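Working notes for the structure below.
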Amino acid sequence: MSKQRQIGEVILNLQNISLAFGGVKALTDISFDVKEHEIRAIIGPNGAGKSSMLNVINGVYHPQQGDITFRGEKRHAMNPTRVAHQGIARTFQNIALFKGMTVLDNIMTGRNTRMKSGLLSHALWWGPARNEEIAHRKRVEEVIDFLEIQHIRKTPVGRLPYGLQKRVELARALAAEPSLLLLDEPMAGMNVEEKQDMCRFVLDVNDQFGTTIVLIEHDMGVVMDISDRVVVLDYGKKIGDGTPDEVMANPDVIKAYLGTSH
Ligand SMILES: Nc1ncnc2c1ncn2[C@@H]1O[C@H](COP(=O)(O)OP(=O)(O)OP(=O)(O)O)[C@@H](O)[C@H]1O
């Protein structure tokens, strides 16, 4: 993998995060940071706390302890909509698209956080609303071209094969022009060719849009290929953090993985 881009300063800092559901400790005292422009992977066996961590970052879960600092500002309990307005977008482990709607309309919903004109002016297709919608469509068309899905723009999402649905979900997240993109198992359930395509798109998004990416992924080959740094969770605790080579050589990580089916 050749990377020309520069990794920048820390933009997201998670400090001593603990999260419990009743008696279940999903995350215990986890700290790590994410630097601008990097691809940061979160890995770990089933139930390690990876999705919980992503849900903490995008405001779905509020940790009982710990601090989250995004772009230098310490964040207090914040709902996912406000987090999205801060420039954080995500995709989901189980695709969360409107299956009856076309690809184009699904991707347009990604622009919601950027719509400024009121509903009435949109309904009347009037002045500012009209200009705004033209701008939104332009961005959406750029994303469609970028992810090479022109040929399916009018197809209802439910009719598409799984791999393409995943790509549409990525497109919807990108339509929001996020500075930080959270990807929850972007390659899960894909065949080899689909995985290769998705890897290429993730790298291109990072490279050409400069988007910082945090991803959860089970495929270790993919993680090692595309990540700058990897944080490893096991039973809700952090057991490793470093470059792909460093975590692969970490005895705690080797032990955690040998003890599971991954
Ligand atoms: N909403 C919830 N209510 C109760 N327990 C939860 C909830 N979400 C997660 N957990 C528990 O927290 C722990 C961590 O789960 P989480 O889904 O974050 O792990 P994961 O690493 O993403 O797993 P997987 O790889 O299987 O998706 C598990 O014990 C899980 O059962």
Side-chain angles (χ1 to χ4, degrees), residues 12-34 39-68 70 75 77-81 83-84 88-97 162-163 165-166 169-170 173 180-191 194-195 198-199 202 213-227 229-242 244 247-248 250 252-262:
L12 176 70
N13 193 29
L14 298 139
Q15 202 67 42
N16 307 108
I17 300 288
S18 292
L19 172 77
F21 300 100
V24 179
K25 287 184 175 173
L27 301 169
T28 306
D29 203 24
I30 308 267
S31 301
F32 68 94
D33 61 31
V34 179
I39 300 182
R40 186 76 151 122
I42 304 177
I43 65 168
N46 289 115
K50 305 180 295 296
S51 293
S52 298
M53 196 68 241
L54 230 52
N55 282 326
V56 164
I57 297 173
N58 87 325
V60 171
Y61 294 157
H62 298 140
Q64 284 88 9
Q65 279 172 33
D67 290 323
I68 303 169
F70 183 57
R75 202 171 83 185
M78 201 180 262
N79 68 35
T81 310
V83 173
I88 300 178
R90 77 169 287 181
T91 65
F92 294 84
Q93 199 171 335
N94 302 311
I95 296 168
L97 292 167
Y162 185 78
Q165 290 192 22
K166 286 281 229 191
E169 212 194 6
L170 175 62
L180 176 62
L181 178 61
L182 311 174
L183 303 175
D184 196 346
E185 299 198 32
M187 334 275 168
M190 289 188 170
N191 63 35
E194 288 170 335
K195 274 188 191 179
M198 187 53 101
C199 274
V202 170
I213 295 174
V214 174
L215 84 153
I216 295 176
E217 184 50 54
H218 278 297
D219 186 318
M220 295 299 272
V222 167
V223 169
M224 297 305 143
D225 255 11
I226 71 173
S227 312
R229 289 189 299 158
V230 183
V231 58
V232 192
L233 305 182
D234 192 25
Y235 293 109
K237 295 191 176 143
K238 187 172 101 169
I239 58 166
D241 192 351
V247 298
M248 286 305 273
N250 178 330
D252 292 334
V253 176
I254 294 166
K255 201 167 132 210
Y257 272 87
L258 285 178
T260 74
S261 57
H262 297 299

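Counting starts at 1 for both ligands and their atoms, in listed order. Just so it is clear, the structure is predicted and the values come from calculations on it, not from any experiment. Starting from 1, each residue takes its place in the sequence as its number.
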May I have the step-by-step check of side-chain contact (heavy atoms from CB on, under 4.5 Å) for Met198 and Leu170, ending in yes or no? CA-CA 9 Å; Met198 187 53 101; Leu170 175 62; 3.9 Å; yes
Between [X] and ligand 1, find which residue part has any heavy-atom pair under 4.0 Å and reply side chain, backbone, both or neither.
X     : answer
Tyr61 : side chain
Met53 : neither
Asn46 : both

How would you list, by chain and number, every residue that makes a salt bridge (charged side-chain N to carboxylate O under 4.0 Å, His left out) with Asp241, sequence neighbours excluded?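 Listed in chain order: Arg40, Lys238.
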Pull out every atom of ligand 1 sitting under 4.0 Å from any heavy atom of His218, numbered as shown with elements.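 Contacts of ligand 1 toward His218, numbered from 1: 25 (O).
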Check ligand 1 against Ala48 and write out every atom of the ligand that is under 4.0 Å from a heavy-atom position of the residue.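 So the atoms of ligand 1 that pass are 19 (O), 20 (P), 21 (O).
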Sub-3.5 Å N/O-N/O distance, Gly44 and ligand 1: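 No.
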Taking distance alone, with N or O pairs closer than 3.5 Å, would you say Gly49 contacts ligand 1?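 Yes; the residue has a nitrogen or oxygen that sits under 3.5 Å from a nitrogen or oxygen of the ligand.
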Phe70: what forms a ring pair (Phe, Tyr, Trp, His ring centres under 6.0 Å) with it, not counting sequence neighbours?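 Expected list: none.
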Should we say atom CE of Met78 is surrounded by more than 12 heavy atoms from elsewhere, each under 6.0 Å from it?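 Enclosed: over 12 neighbouring heavy atoms sit under 6.0 Å from CE of Met78.
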Looking only at non-hydrogen atoms, find the nearest pair between Leu27 and Gly49 and report the distance.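 So the two residues come closest at CD2-O, 3.4 Å.
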Would you indicate which of Ser52, Ala26, Ala188 comes nearest to atom 15 (O) of ligand 1 when only heavy atoms are counted?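 Minimum heavy-atom distance to atom 15 (O) of ligand 1 goes to Ser52.
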Can you tell me if Asn250 uses its side chain to pair, donor with acceptor, with the backbone of Ile239 under 3.5 Å?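 Pair found, side chain donor or acceptor close to backbone of Ile239.
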